Amino acid sequence: MNYPFKKIEKKWQEYWLKNKTFKAEQFSERDKFYILDMFPYPSGAGLHVGHPLGYIASDIIARYKRNKGFNVLHPQGYDSFGLPTEQYAIQTGQHPAVTTEENIKRYRYQLDRMGFSFDWDREIRTSDPGYYKWTQWIFSLLFNSWYDTKSDRARSIKELSEFLEKNGTKKLYAYTNEDYDEISSKTWLSSDEKFKQEFILKFRLAYLSDSYVNWCPGLGTVLANDEVVNGLSERGGYPVEIKKMKQWKLRVSSYAQRLLNGLEEIDWPEPLKEMQKNWIGQSHGARVKFKIKGSKNLIEVFTTRPDTIYGVTFLTLAPEHKLVKDLTTKSNLGNVSQYISKIAKKNEKERLKDVGEISGVFTGTYAIHPFTNKKIPIWISEYVLVEYGTGAIMGVPCGDQRDHDFAKFFKIPITNIFKGVDVSTFAYTEKETFNLINSGFLNGLGFNKAFNKAVESLENINAGKNTITYKIRDAVFSRQRYWGEPIPIYYKNDLPYLIPKENYPVKLPEITKYLPTEDGHPPLGNSKTWAWDTLNKKIVDNKKIDFLNIFPIEKNTMPGWAGSSWYFNRYMDPNNDEFFVDKSALDYWKDVDIYIGGTEHSTGHLIYSRFYQYFLYDLGYVPSQNFAKKMINQGMILGESAIIYKSKKNKNFVSAGIADKNDSIPLHVDIKLVNEKNQLNINEFKNWQEQFKNVKFELENGKFFVDREIEKMSKSKFNVVNPDQICDDYGADTLRMYEMFLGPLEQSKPWNTAGITGVYNFLNKFWRLFHDDKKFCVYEKPSSIESLKILHKTIKKVNSDIDSFSLNTSVSAFMIAVNELSKQNCKNRDVLEPLVILLSPFAPHICEELWFLLGNQSSVSSCNYPIADEKYLINNIKNYPISFNGKMRFNLEISIDLNEDEIKKIVLNDKRTNKYLGNNKPKKIIVVINKIVNIVY
RNA sequence: GCUCGAGUGGUGGAAUUGGUAGACACGUUGGACUUAAAAUCCAAUGAGCAGCAAUGUUCGUGCGGGUUCAAGUCCCGCCUCGAGUACCA
């Protein structure tokens, strides 16, 4: 007999919803516990079995913490702005809001079926105007802030203007990665509005700038660095080009050092921290200024090896470097412009492909070495990146392999500066052991001393300084899309100004076409009345005349991560219309205790969120610098997909064993059409898609085989397993426990239903424990010591497992307990009742039902979690050390209630003792009171 | 190339962090119940050798060394797979 999971699950899901069982108290005397999942993007495909893995783990912990007496905040919501919905809108004309609503309904249905204990009263959606009102507000704060490098925090722009009025740029410690001219307070005060605004823009944390961005023509929008994978867009896989465009950016780079340092303070997985470290990419070095022969300009380069300054034999500029034009001599102009236009035509993918190929061109101009005054040729090459460092490098062929290759290729001399090293074929890149030669005042020094002395001397002649450079770039914040938050900016004389706060949310206009306008503006330009509706009356004096032309409004929208970078704060007070979160709520909930999600967001969402949180902390809006104290990365659940081969020659489908794989196109087929022996059901395949109706097959011994591959679950690979199916067949509790049983949470693993019957059998067995021939049956009399021991051992194990997130081993512990209790035919309340509570975080539906059958009125989620009673844990078997001639050899399991003679007998009979002693009879065996056994022979 | 992570039965995976490797589950085989099947229950199950048998014995945690009374676990050198990153000066 199987337990009636369908009936039970429906009953309790309705009960929880009706009674708001999992509502978090807004304020409480109890300790808070905030456990959060990364909220999903509600795509049209619905959830697959991979999505719930993290949700199940967090739900188990949430329920466990509730039973432990914490006031638990366990919310869920939707990251509902995004590209796929918009693409769908472009194709069908359906409003993205409608599609989003439908998708969310489906997600909610699927989530509810799995019995998650989310507090749905706190649901948030990033596309909800009541939410993005505050996303816009945070943008306004970023726009109105700059980074003070002296006090190391963000401050308001007002303070910056005041400073400039008073002091000009003298002793201004403000972060910027743009050039500016020093000015006095006098000049500042006499400057016009346009100059001031443009100047201040160089310091704003949200700023507009002409820069090289990843332009994706396929999607018609720009993308941030983390949204580009291998030169293709992360969404859709379209080619990406580098293009110079005026775009909104966030000055994330100003926080580089704090983002790096902060990693020490948070309990996040090491691999993830490592990835963030690499992404931030700190490197210590120096900026060195080179004078140019016949020019007043200076070239500034960044190097991590100022110690090799005497090995410089050329300088190289990035093709986009701003001095390229000035430095190119007339006779070289032809070559240079040809080279530059060739580089400019390349898209990101071609550029990646050419990495390693050497190319470059000579400008005809020479720089002057700061110490030797020798002439150094200035080159241009694409291996120097304009966005990193200063966009220029000093070429030291003896100490850097790329410089070495470049010098050799263009026959530039290679000067050796390392004693006793041959640099004719390879550069010498070791830092640890060398002595410098041919290096003037650095001769005889090693790396550290030479580094410091070189920097010092450069500083003395005002030709360089110590610098730390980071790889992390400012994040492009504009998207030429419809389905995102409007950026609350309007323009006056081409200068950006904030739309005043009172107008937030700046709502998306209603439009019918989601494509860009004909003159190339983003889709928001399709609305003629939007700007007026948005800015009404507050900016212009009641005059609608030619409004759009006088005060154009920003038509770009924000990227997907704008809404997701602060949502964890909003859950604390999700319906507040007065403020992004009430201060009292922030003071109580503070930060996320455990954040669960995948590593795929390590360089996107998780960096931006940390940046937002630091920023809000600097302005005093949030109490914690780090938004999540602890993070767990759940592994991906992979799907098994089937690959079929289509011959390039005759377009036939060829069985996998005989297919020429170099000469055929591999295609994904629905894994459901393939049996366990990798045989394809040809008839079903023909009916599967219209295009395959009349194709021909080349069989292998009369059969047709496909290859299998384990890969990420995705609709396009036809390998998606839907959790609804599992819920139908086995129930939600089985699905929950099985996903945990599959292996360690952090590990990626292929989905395989082979073992699911094991978990299902366990739950049935558990159910039978409370039943006698279909009738509920539990004894009131006390149970045996053996049963109590099993119970308490399990309680201890499960508690410590959940505390260490080892949820797979606790499932095993439950299986062992139930097996043993069934064997003992234990049906006593004193054992079964605690066991129900113990299991309830894992299998909540069945436990609620049994809890109810046991005669309890309230939900099992509101009672105390059992604590192991030490008295039952005293194991009668314990490991005791055995020593031979006083030296420890091994541990032996001995019953604690045995007397000395019995212990001696066991020791002598143990095979390891025998092995060790051989034929030597022991002279004496000493059993010390605390049961250390000494054998003397 | 660089930076992480991982390699344990037919399979997913345990192993108190240096202490009798293979818990738990799947699968397989055999048995009980049944007219039969399903379900359930019981037993066996790393490999080899010896034995009718209980049992004994050798080899076994990717490969090769090392430390230790004792290594899946620690150290050195490789191999393979996975993830991230990529002309970062």
Side-chain angles (χ1 to χ4, degrees), chain A residues 1-2 225-226 229-231 269-279 281-283 285-286 288 301-306 308 315-316 318 351-352 354-359 381-385 387-396 399-403 405-406 429 469-473 599-600 602-603 633 635-636 638 710 737-738 741-744 746-762 764-765 768 797 800 806 808-819 822-823 879 881-885 887-893 910-912 915-916:
Chain A
M1 181 197 79
N2 294 332
N225 278 347
D226 64 281
V229 181
N230 288 328
E270 280 308 319
L272 186 126
K273 286 193 192 178
E274 198 66 36
M275 267 187 241
Q276 292 209 342
K277 257 182 220 168
N278 290 339
W279 188 260
Q282 184 193 56
S283 49
V288 183
V301 303
F302 173 72
T303 176
T304 53
R305 298 294 302 275
T308 62
L315 300 188
T316 313
R351 210 183 56 79
L352 281 174
D354 294 345
V355 164
E357 273 176 34
I358 300 163
S359 73
S381 174
E382 63 170 326
Y383 85 87
V384 179
L385 305 172
E387 293 274 308
Y388 181 73
T390 60
I393 62 156
M394 59 183 214
V396 184
D400 182 283
Q401 193 53 48
R402 280 173 327 234
D403 294 348
D405 296 342
F406 191 81
T429 54
T469 299
Y470 303 91
K471 269 196 270 188
I472 193 168
R473 316 276 163 84
T599 38
E600 66 270 23
S602 55
T603 52
N633 293 128
M636 221 185 314
L638 306 166
I710 305 280
M737 289 196 83
Y738 183 59
F741 183 69
L742 226 42
E746 298 87 353
Q747 201 171 296
S748 286
K749 51 228 154 190
W751 177 256
N752 182 353
T753 48
I756 204 162
T757 52
V759 173
Y760 185 55
N761 287 345
F762 157 76
N764 278 313
K765 220 169 184 176
R768 280 201 301 275
K797 171 84 175 140
S800 74
S806 171
N808 54 329
T809 49
S810 29
V811 177
S812 295
F814 282 117
M815 288 177 175
I816 295 169
V818 168
N819 274 337
S822 316
K823 268 186 206 165
N879 270 322
I882 311 289
S883 72
F884 293 78
N885 284 341
K887 206 172 174 190
M888 226 276 275
R889 286 293 183 270
F890 51 81
N891 292 314
L892 190 60
E893 286 188 348
D910 183 73
K911 67 178 177 188
R912 281 172 304 169
K915 195 175 172 182
Y916 199 82

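Below, chain A is the first sequence line, B the second, and so on; all start at residue 1. Only a predicted model underlies this, so the values are computations on that prediction, with no experimental measurement involved. Only heavy atoms go into these numbers, but all of them, side chains included; no hydrogens, no water, no symmetry mates.
- Judged by Watson-Crick or G-U wobble contacts below 3.5 Å, the nucleotide B:rU55 has B:rA50 as its partner.
- Comparing B:rG7 with B:rC74, their P atoms are spaced 11 Å from each other, to the whole Å.
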For a side chain to side chain contact (heavy atoms under 4.5 Å, CB included) check, start with the C-alpha distance between A:I472 and A:Q282, then their side-chain angles and the critical distance, and finish with the verdict.
CA-CA 8 Å; A:I472 193 168; A:Q282 184 193 56; over 6 Å; no
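- As the counterpart of B:rG9, no nucleotide is assigned, since no Watson-Crick or G-U wobble pattern has both distances under 3.5 Å.
- A:L385 comes within 4.0 angstrom of a nucleotide base, judged by non-hydrogen atoms across all strands.
- With a glycosidic angle further than 90° from 0, B:rG7 counts as anti.
- At distances below 3.5 Å, at least one donor-acceptor pair connects side-chain atoms of A:K749 with backbone N or O atoms of A:P744.
- In this structure, A:Q747 reaches the B:rG13 phosphate: one of its side-chain N or O atoms is under 4.0 Å from OP1 or OP2.
- Across all strands, A:P744 comes closer than 4.0 Å only to sugar-phosphate atoms, never to a base (heavy-atom distances).
- In this entry the distance linking OH of A:Y760 with P of B:rG12 reads 26 Å, nearest Å.
- Taking the P atoms as reference points, B:rG13 lies 9 Å from B:rU8, given to the whole Å.
- Distance from the side chain of A:I816 is smallest to B:rA23 among B:rC4, B:rA83, B:rA23.
- When both distances must be under 3.5 Å, the Watson-Crick or G-U wobble mate of B:rC33 does not exist.
- Distance check, rounded to the nearest 0.5 Å: OG1 of A:T757 to CZ of A:F762 gives 14.0 Å.
- Contact of the A:Y738 side chain with the A:V811 side chain is not registered, since no non-hydrogen atoms from C-beta on lie closer than 4.5 Å.
- Rounded to whole Å, the P atom of B:rA21 lies 12 Å from the corresponding atom of B:rC59.
- The phosphate of B:rU40 has OP1 or OP2 within less than 4.0 Å of a side-chain N or O from A:N761.
- Counting non-hydrogen atoms under 4.0 angstrom, A:K765 reaches the backbone sugars and phosphates but no base.
- If you take CZ of A:F741 and P of B:rA23, they are 12 Å apart, rounded to a whole angstrom.
- Listed nucleotides: B:rU3, B:rC87, B:rC24. Nearest to the side chain of A:E382: B:rC87.
- Closest-nucleotide positions on RNA chain B for A:S602 and A:S748 were compared, and the one nearer the 5' end corresponds to A:S748.
- Contact annotation: the side chain of A:V396 never approaches that of A:R305 to less than 4.5 Å [non-hydrogen atoms, C-beta and beyond].
- Considering only side-chain N and O atoms, A:Y383 lies nowhere under 4.0 angstrom from the phosphate OP1 or OP2 of B:rA89.
- Which of B:rA15, B:rG13, B:rA83 sits closest to the side chain of A:N808 comes down to B:rG13.
- To the nearest 0.5 angstrom, A:R768 atom CZ is 8.0 Å from A:N761 atom CG.
- One finds a side-chain N or O of A:S283 lying less than 4.0 angstrom from the OP1 or OP2 phosphate oxygen of B:rA89.
- Comparing B:rU34 with B:rU40, their C1' atoms sit 12 Å apart, to the nearest whole Å.
- Picking from B:rC41, B:rC4, B:rA14 the nucleotide with the shortest atom distance to the side chain of A:T809 gives B:rA14.
- Under 4.0 angstrom from either OP1 or OP2 of B:rG5 there lies no side-chain N or O belonging to A:N633.
- Taking the six-membered ring where tryptophan is involved, the planes of A:Y388 and A:F302 are perpendicular, since the angle between them exceeds 60° and thus also 30°.
- For B:rA38, there is no paired nucleotide, since no Watson-Crick or G-U wobble pair has both relevant distances below 3.5 Å.
- Closest approach to the A:M275 side chain among B:rC24, B:rA89, B:rG84 is made by B:rG84 (side chain taken as heavy atoms from C-beta onward).
- Atom pair A:K749:NZ and B:rG82:C1' shows a separation of 15 Å (rounding to whole Å applied).
- Going from the P atom of B:rG1 to that of B:rG19 covers 36 Å, rounded to whole Å.
- In this structure the side chain of A:S806 reaches within 4.5 angstrom of the side chain of A:N808, judged on heavy atoms.
- We find that CE of A:M394 is positioned 21 Å from P of B:rC87, with the value rounded to whole Å.
- Annotated as anti: B:rU29, whose O4'-C1'-N torsion sits more than 90° from 0.
- Distances from the side chain of A:T603 to the nucleotides B:rC26, B:rU85, B:rA89 place B:rU85 closest.
- Atom CG of A:L742 and atom P of B:rC24 are 19 Å apart (whole Å).
- The nucleotide B:rA70 finds no pairing partner, because no Watson-Crick or G-U wobble arrangement with both distances shorter than 3.5 Å includes it.
- A:R473 has its CZ atom 11 Å from the C1' atom of B:rA86, to the nearest Å.
- One interatomic measurement links the two molecules: CD of A:E600 to P of B:rG84, which rounds to 9 Å at whole-angstrom precision.
- Using N1 to N3 plus N6-O4 or O6-N4 for Watson-Crick, or N1-O2 and O6-N3 for G-U wobble, each under 3.5 Å, B:rC63 pairs with B:rG77.
- Nucleotide B:rC4 forms a pair with B:rG82, judged by Watson-Crick or G-U wobble geometry with both contacts under 3.5 Å.
- Of the residues near RNA chain B, A:A392 and A:V759, the one whose nearest nucleotide (by heavy atom distance) lies more toward the 5' end is A:V759.
- A:V301 comes within contact range of no nucleotide atom at all, as no heavy-atom separation falls under 4.0 Å.
- Comparing the C1' positions of B:rC33 and B:rC42 gives an interatomic distance of 11 Å, to the nearest angstrom.
- Taking side-chain N and O atoms only, A:N819 has no distance below 4.0 Å to OP1 or OP2 of B:rC24.
- For A:W279, counting side-chain heavy atoms from C-beta on, the closest listed nucleotide (B:rU85, B:rA89, B:rA83) is B:rU85.
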Show the numbers, then the answer: is there a side chain to side chain contact (heavy atoms under 4.5 Å, CB included) between A:D403 and A:Y383?
CA-CA 10 Å; A:D403 294 348; A:Y383 85 87; 2.8 Å; yes
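- With C1' as the reference atom, B:rA23 and B:rU61 are 15 Å apart, rounded to whole Å.
- The CG atom of A:N752 sits 11 Å away from the P atom of B:rG27 (whole-angstrom rounding).
- For B:rU40, the OP1/OP2 oxygens have no side-chain nitrogen or oxygen of A:N2 closer than 4.0 Å.
- Close to B:rA86, at under 4.0 Å from its OP1 or OP2, lies no side-chain N or O of A:K471.
- Rounded to the nearest Å, the gap between the P atom of B:rG12 and that of B:rG27 is 15 Å.
- For B:rA23, there is no paired nucleotide, since no Watson-Crick or G-U wobble pair has both relevant distances below 3.5 Å.
- With rounding to the nearest 0.5 Å, the separation of CG in A:L742 from CD1 in A:I756 is 9.0 Å.
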